[in-house]
2 protein chains.
Amino acid sequence: MNEQPRTQIVANNSQVVLKKTLDIICGKWRLYIIFQLGTQARRYGELRRMIPEVSEKVLIQELKALAALGMVEKKSFPEVPPRVEYGLTPKGLEVLPMLQKLTSIGELFLKP
Amino acid sequence: MNEQPRTQIVANNSQVVLKKTLDIICGKWRLYIIFQLGTQARRYGELRRMIPEVSEKVLIQELKALAALGMVEKKSFPEVPPRVEYGLTPKGLEVLPMLQKLTSIGELFLKP
DNA sequence: GTATCAACTAACCTTTAGGTTGGCAACCTA
DNA sequence: TAGGTTGCCAACCTAAAGGTTAGTTGATAC
């Protein structure tokens, strides 16, 4: 009793998967940051200089969020002044090519 | 004179492409709506019933936005009560498979 | 003559995303 | 001892996204 119809369950499931996907890629800077980390791990200050348009706060916030999602990993070195490196996780590297292909959508829809 | 360095130009360009891409796929319901239109054009009321969680206002707003982006096309039939059908444009159909593959990201990152 | 239908529109509100500013820690150098 | 270095945090603000509710249209069925 109280069983949901199957279609409802399926719909909810695919919405959960979709939400997780969107969590990772949506956001003004998220994909951009991921692409910058694609070739190698970078220091925080390095990223700041690579993406000067993003504010400090938002950059840190996005790196934190991406780390919490398991897309990015953070390595802190106990030095002074501090050194911190951000890089893609194995999962992150796995989906990177798909994300890079995504931009072809923008190209297609920008064409007249 | 006043020429920007090449790296800056490249960066700005890829940000424009990225933004266009995100315009199309970002939003709580956008991909979900696109997927529902993937197999065939649908009437507005049909979509409402297929995605009962989205509010009327937001559904119409998203359909309008997707139409303005060239992802969706709207056909109005001059009947009473009105009949309106929404379907993917050729460009929309072209990128649909890539968008569908995207969800594998959500699946990967939901795995424990 | 009023109730119904589908596809909206308008007015309003709440939540989230993103941005600005200023400050702190802990060591090094001048 | 003052100032520079790097990576962060907190407080505050604005704009955008998303949600709720009510009303409009105009032929048709009751």
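These numbers come from a predicted model, not from an experiment. Every chain is numbered from 1 and lettered A, B, ... according to where its sequence line falls, protein lines coming before strand lines.
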Rounding to a whole Å, what distance do you find between [X]:[atom1] and [N]:[atom2]?
{"X": "B/Lys64", "N": "D/dA17", "atom1": "NZ", "atom2": "P", "answer": "15 Å"}
{"X": "B/Ile51", "N": "D/dG19", "atom1": "CD1", "atom2": "P", "answer": "12 Å"}
{"X": "B/Leu59", "N": "C/dC8", "atom1": "CG", "atom2": "P", "answer": "9 Å"}
{"X": "A/Lys74", "N": "D/dT6", "atom1": "NZ", "atom2": "P", "answer": "17 Å"}
{"X": "B/Arg49", "N": "C/dC5", "atom1": "CZ", "atom2": "P", "answer": "11 Å"}
{"X": "B/Leu66", "N": "D/dA17", "atom1": "CG", "atom2": "P", "answer": "13 Å"}
{"X": "B/Arg42", "N": "C/dA7", "atom1": "CZ", "atom2": "P", "answer": "13 Å"}
{"X": "B/Glu79", "N": "D/dG26", "atom1": "CD", "atom2": "C1'", "answer": "13 Å"}

Results of side-chain contact (heavy atoms from CB on, under 4.5 Å) for [X] - residues two or more places apart only:
{"X": "B/Lys64", "answer": "none"}
{"X": "A/Lys74", "answer": "A/Ser76, A/Val84, A/Tyr86"}
{"X": "A/Glu62", "answer": "A/Arg30, A/Ile33, A/Val58"}

Next on the checklist: A quick test of your reading: do over 12 heavy atoms of other residues, nucleotides or ligands sit less than 6.0 Å from NZ of A/Lys91?
Outcome noted: yes

Checklist entry - Reckon B/Phe77 touches a base, only the sugar-phosphate, or nothing at all at heavy-atom distances under 4.0 Å? => result nothing

Checklist outcome for this item: Whether each nucleotide of nucleotides 13-23 of chain C has a protein heavy atom under 4.0 Å at its base (B), only at its sugar-phosphate (S) or at neither (-) is summarised, 5' to 3', as -----BBB---

Item to check | Pair assignment for C/dG1, Watson-Crick or G-U wobble, requiring both distances under 3.5 Å | outcome: D/dC30

Checklist entry - For B/Tyr44, does its backbone N or O pair with a side-chain atom of B/Arg49 as donor and acceptor, under 3.5 Å? => result no

Next on the checklist: Looking at A/Thr89 and A/Met71, would you say the former's side chain and the latter's main chain have a donor-acceptor pair under 3.5 Å?
Outcome noted: yes

Checklist entry - Choosing from D/dC9, C/dA6, C/dC8, which nucleotide comes nearest the side chain of A/Ile60? => result D/dC9

Checklist entry - Among C/dT9, D/dG7, C/dC8, which nucleotide sits nearest the side chain of B/Tyr44? => result C/dC8

Checklist entry - So, is A/Lys75 close to the D/dG7 phosphate, meaning a side-chain N or O under 4.0 Å from OP1 or OP2? => result no

Checklist entry - Is any side-chain nitrogen or oxygen of A/Arg43 closer than 4.0 Å to OP1 or OP2 of D/dG7? => result yes

Next on the checklist: Once rounded to the nearest 0.5 Å, what's the spacing between atom CD1 of A/Ile24 and atom NZ of A/Lys20?
Outcome noted: 6.5 Å

Polar atom pairs (N or O), protein with nucleotides 26-30 of chain C, under 3.5 Å:
none

Checklist entry - Does the side chain of B/Met50 come within less than 4.5 Å of B/Arg42's, by heavy atoms? => result yes

Please table the atom pairs, donor to acceptor, closer than 3.5 Å between any side-chain atom in residues 94-112 of chain B and protein atoms at least two apart or in another chain.
unit_1: B/Thr103; atom_1: OG1; unit_2: B/Gln100; atom_2: O; d: 2.8
unit_1: B/Ser104; atom_1: OG; unit_2: B/Lys101; atom_2: O; d: 2.7

